[in-house]
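Inspection log for the structure reproduced underneath, given as structure tokens.
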Amino acid sequence: MTQKPPPQVHIETFGCQMNESDSELVRSMLKQEGFTFTPDRERADVVLVNTCAIRENAHNKIYAHLSELKGLKNQRPLVVGVLGCMAQNLKNELADKEPLVDILAGPDAYRQLPRLLSRALETQEQGFDQKGFALDLSEYETYEGVLPDRDSGVNAWITVMRGCDNFCSFCVVPYTRGRERSRSPEAVLTEARDAAARGFKQITLLGQNVNSYRHEDWDFAKLIRAVADTSGIDRVRFTSPHPKDFPPALIDAIATHPTICKHIHLPLQAGSDRILGLMERTYTAKDYLALVEHIRAVIPEIVLTTDIICGFCSESDEEFHDTRRMVEQVQFDSAYIFKYSERKNTIAARKFADDVPDRVKGSRVSTLVEIQRRITLERNRRYIGRDVEILVEGDATRSSTQGMGKTDGNITVVWDKGADPFEPGTVVTKRIFEASAATLYGE
Ligand code: SAH
Ligand code: SF4
Ligand code: F3S
């Protein structure tokens, strides 16, 4: 008698780096229980979609994706599981109204996936569908003891804390990922050493609020220094910090430790104090500028990037101009600029009207994008004629005759490979001869 082949799982990941990192944990836990993975959706017995809920367009993208799966499921037996923030946030909508979905599992419940999947496959084989849900948020779950099954490449994600207690009024994350909890430094450092032993050259420390990391007498500055001491690791990055938790010790660590990258992603969100207050960001424009000034005084070569929301509840033209002035004043190296998107059950959705017309939000975004594009281009052009160190990642997306890598500041560089096809993971020096707002060109 031939044995049944193990079920094949295909996983697709949307959203932030945290979701990328979680998908690596899910893969690890499922492989341990005998599941195999396939990059080919057409051959899978199970399709898992790890979802994001941060803005309406993230939702729409995932709904569009799920309707593609409907076609597949009509042709053959298929178990569909929705994981991540949207599963947590839309449990009622997805559970009741979406017949396609067999399994819903939130970010703290992935240890239950092997059991849920086995049961779903079994019941499907017996000819009936039974839905399985695992949606409890936990104050403790950090997936201790699960070594992620990492995507290949030069970068290893290491989640150091989970959840968020900030409750910025616009944001759904505290509801989808629950309360803050930090992993032990030993667990983080063991993972860092393991990543180095497997040949990863870069580590990115992750947390929704990464710099509020705390474990006994360890804070984030102490943790990142210890990770950066891991031998074999060339670069350490982190994302995302909150401006409220940026002590001098952290700035000092970035300034002085040779393997900590001189790049800070420092979400601003808005430039008006009244709007920052409504957003419950806990800093003023002046506080933010003082922090930037301090960072630049200690680390003049720092690359600063940010996130901005346009058209938050009741934002006036004048208040938008405050954001615009702030962007011109700070001179970020780049920025992600979003239209405010109301999320159900958040503080803003309960307390304020989403009253800036979509057209106005859109035109504010375009204005800022254009200003920032000009600033990014000017800042990138400063590299022309300079030699920069690049960590090679592989081929450029547009052409296999070009190599692609990142500067310490996380700016993309491409160059003609010619006779020098550097291996991913090597650090090379290139002279920059041209720059666009997205890319530096090296020779
Ligand atoms: N924890 C991270 C942010 C995660 S979300 C941090 O605090 O830095 C990434 C970005 O999405 C946020 O910085 C914010 O700019 C944007 N964002 C979050 N909620 C949003 C919403 N409701 N509408 C529009 N943009 C939003
Ligand atoms: Fe959301 Fe604010 Fe937490 Fe970031 S810090 S995840 S924006 S609540
Ligand atoms: Fe999206 Fe959840 Fe990340 S809402 S941005 S996947 S924390």
Side-chain angles (χ1 to χ4, degrees), residues 12-23 26 49-62 82-90 105-108 137 157 159-180 205-213 238-246 264-271 275-276 278-283 288 304-313 315 323 327 332 334-350 352 354 356 358 361-362 364-365 368 372:
E12 306 180 10
T13 307
F14 293 82
C16 63
Q17 295 97 330
M18 199 64 126
N19 264 13
E20 300 283 341
S21 170
D22 280 356
S23 288
V26 164
V49 190
N50 196 357
T51 61
C52 174
I54 201 82
R55 285 171 289 275
E56 194 56 34
N57 54 7
H59 271 190
N60 293 342
K61 216 158 95 183
I62 289 156
V82 176
L83 318 182
C85 290
M86 194 168 150
Q88 193 68 44
N89 199 40
L90 286 186
D108 286 345
L137 286 172
W157 310 113
T159 298
V160 302
M161 56 85 66
R162 300 181 69 90
C164 181
D165 288 350
N166 283 341
F167 289 93
C168 301
S169 64
F170 52 80
C171 185
V172 76
V173 172
Y175 308 90
T176 64
R177 289 188 168 268
R179 299 290 56 75
E180 281 179 14
L205 301 180
L206 295 180
Q208 278 308 333
N209 199 9
V210 70
N211 51 338
S212 70
Y213 175 89
F238 60 100
T239 199
S240 271
H242 191 292
K244 80 176 166 53
D245 294 316
F246 229 102
I264 302 175
H265 183 69
L266 196 65
L268 165 68
Q269 312 301 4
I275 297 296
L276 285 169
L278 293 182
M279 288 177 165
E280 304 201 26
R281 288 292 288 181
T282 71
Y283 53 84
Y288 188 94
L304 270 185
T305 58
T306 201
D307 292 341
I308 291 170
I309 297 176
C310 293
F312 185 66
C313 311
E315 183 186 71
T323 304
V327 165
F332 294 105
S334 72
Y336 294 99
I337 299 163
F338 309 108
K339 275 192 211 175
Y340 171 60
S341 168
E342 184 177 80
R343 309 321 290 135
K344 239 184 246 168
N345 300 325
T346 53
I347 299 165
R350 281 180 273 138
F352 314 127
D354 178 13
V356 175
D358 193 60
K361 288 179 186 171
R364 289 181 187 169
V365 168
L368 269 196
Q372 184 56 51

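Read the numbers this way: they start at 1 and go in the same order the structure lists the ligands and their atoms.
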State the atoms of ligand 1, each with its element, that fall below the 4.0 Å cut-off from a heavy-atom position in [X].
X: Phe338; answer: 10 (C), 11 (O), 15 (O), 16 (C), 25 (N)
X: Arg55; answer: 11 (O), 16 (C), 17 (N), 23 (N), 24 (C), 25 (N), 26 (C)
X: Ile309; answer: 14 (C), 15 (O), 17 (N), 25 (N), 26 (C)
X: Gln269; answer: 12 (C), 13 (O), 14 (C), 15 (O)
X: Lys339; answer: 23 (N), 24 (C)
X: Arg343; answer: 22 (N)

Could you tell me which atoms of ligand 3, counted from 1 in the order shown, lie closer than 4.0 angstrom to a heavy atom of [X]?
X: Arg177; result: 2 (Fe), 7 (S)
X: Cys85; result: 2 (Fe), 4 (S), 6 (S), 7 (S)
X: Gln208; result: 3 (Fe), 7 (S)
X: Cys16; result: 3 (Fe), 5 (S), 6 (S), 7 (S)

Relative to ligand 3, is Met86 under 4.0 angstrom through side chain, backbone, both or neither, heavy atoms considered? neither
Does Ala53 come within less than 4.0 angstrom of ligand 3, counting non-hydrogen atoms of the residue? yes
Give the atom numbers and elements of ligand 2 that come within less than 4.0 Å of a heavy atom of [X].
X: His242; value: 5 (S)
X: Pro174; value: 8 (S)
X: Arg281; value: 2 (Fe), 7 (S)
X: Phe167; value: 8 (S)

Give me the residue, atom name and distance of the protein heavy atom closest to [atom].
atom: atom 5 (S) of ligand 2; answer: Asn166 ND2, 3.2 Å
atom: atom 4 (Fe) of ligand 2; answer: Gln208 O, 4.1 Å
atom: atom 3 (Fe) of ligand 2; answer: Cys164 SG, 2.2 Å
atom: atom 19 (N) of ligand 1; answer: Phe170 CD1, 3.3 Å
atom: atom 6 (S) of ligand 3; answer: Asn19 ND2, 3.3 Å
atom: atom 1 (Fe) of ligand 2; answer: Cys171 SG, 2.3 Å
atom: atom 5 (S) of ligand 1; answer: Ile54 CD1, 3.5 Å
atom: atom 8 (O) of ligand 1; answer: Pro267 CG, 3.0 Å
atom: atom 10 (C) of ligand 1; answer: Asp307 OD2, 3.4 Å
atom: atom 2 (Fe) of ligand 2; answer: Cys168 SG, 2.3 Å

Is it the side chain (CB and beyond), the backbone, both or neither of Ser341 that lies under 4.0 Å from ligand 1, heavy atoms counted? both
In terms of side-chain geometry, is the basic nitrogen of Arg162 or Asp22 positioned less than 4.0 Å from the acidic oxygen of its partner?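 The answer is yes: the pair qualifies as a salt bridge.
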Going by atom types alone, do Thr239 and Gln17 pair a side-chain donor with an acceptor below 3.5 Å? no
Can you find a non-hydrogen atom of [X] under 4.0 Å from ligand 1?
X: Asn209; value: no
X: Gln208; value: yes
X: Val173; value: no
X: Glu342; value: no

Measuring only between side-chain heavy atoms, which start at C-beta, is [X] closer than 4.5 Å to [Y]?
X: Arg281; Y: Cys168; value: yes
X: Ile308; Y: Leu368; value: yes
X: Ile337; Y: Cys310; value: yes
X: Asn209; Y: Asn211; value: yes
X: Val172; Y: Lys344; value: no
X: Glu180; Y: Gln208; value: no

Shortest non-hydrogen contact from Arg343 to Phe170?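 Residues Arg343 and Phe170, closest heavy atoms: CG-O, 3.9 Å.
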Please find the pair of heavy atoms, one from Ile347 and one from Phe167, that lie closest to each other, and give the distance. CD1-O, 3.5 Å
Are Arg177 and ligand 2 in contact, using a heavy-atom cut-off of under 4.0 Å?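 Contact absent.
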Spacing of [atom1] belonging to [X] relative to [atom2] belonging to [Y], to within rounding of 0.5 Å:
X: Arg55; Y: Phe338; atom1: CZ; atom2: CZ; value: 4.0 Å
X: Leu268; Y: Asp307; atom1: CG; atom2: CG; value: 9.5 Å
X: Asn166; Y: Asp245; atom1: CG; atom2: CG; value: 7.0 Å
X: Thr306; Y: Leu266; atom1: OG1; atom2: CG; value: 6.0 Å
X: Ser23; Y: Asn50; atom1: OG; atom2: CG; value: 4.0 Å

Please work out, at 4.0 Å between heavy atoms, whether the side chain, the backbone, both, or neither of Pro267 comes within that distance of ligand 2. neither
With a heavy-atom distance limit of 4.0 Å, tell me whether Phe170 approaches ligand 2 through its side chain, its backbone, both, or neither.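 The answer is the side chain of Phe170.
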Under the criterion side-chain contact (heavy atoms from CB on, under 4.5 Å), I'd like the reasoning laid out for Cys85 against Ile54: C-alpha separation, chi angles, the key distance, then a yes or no. CA-CA 8 Å; Cys85 290; Ile54 201 82; over 6 Å; no
Is there an N/O/S atom in Cys52 that lies less than 2.8 Å from atom 3 (Fe) of ligand 3? no
Within the supplied structure, the quantity of interest is the number of heavy atoms (other residues, nucleotides, ligands) at a distance under 6.0 Å from Lys61 NZ; does it exceed 12? no
Evaluate the ring planes of Phe246 and Phe238, with Trp represented by its six-membered ring, and classify them as parallel (under 30°), tilted (30 to 60°) or perpendicular (over 60°).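 It falls in the tilted class, 30° to 60°.
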On the 0 to 90° scale, with breaks at 30° and 60°, tag the Tyr283-Tyr288 ring pair as parallel, tilted or perpendicular.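 The rings of Tyr283 and Tyr288 sit tilted, inter-plane angle from 30° to 60°.
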Please say which of Lys339, Lys361, Arg364 ends up in a salt bridge (charged side-chain N to carboxylate O under 4.0 Å, His left out) with Glu315.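 When salt bridge (charged side-chain N to carboxylate O under 4.0 Å, His left out) is applied between Glu315 and each of Lys339, Lys361, Arg364, only Arg364 qualifies.
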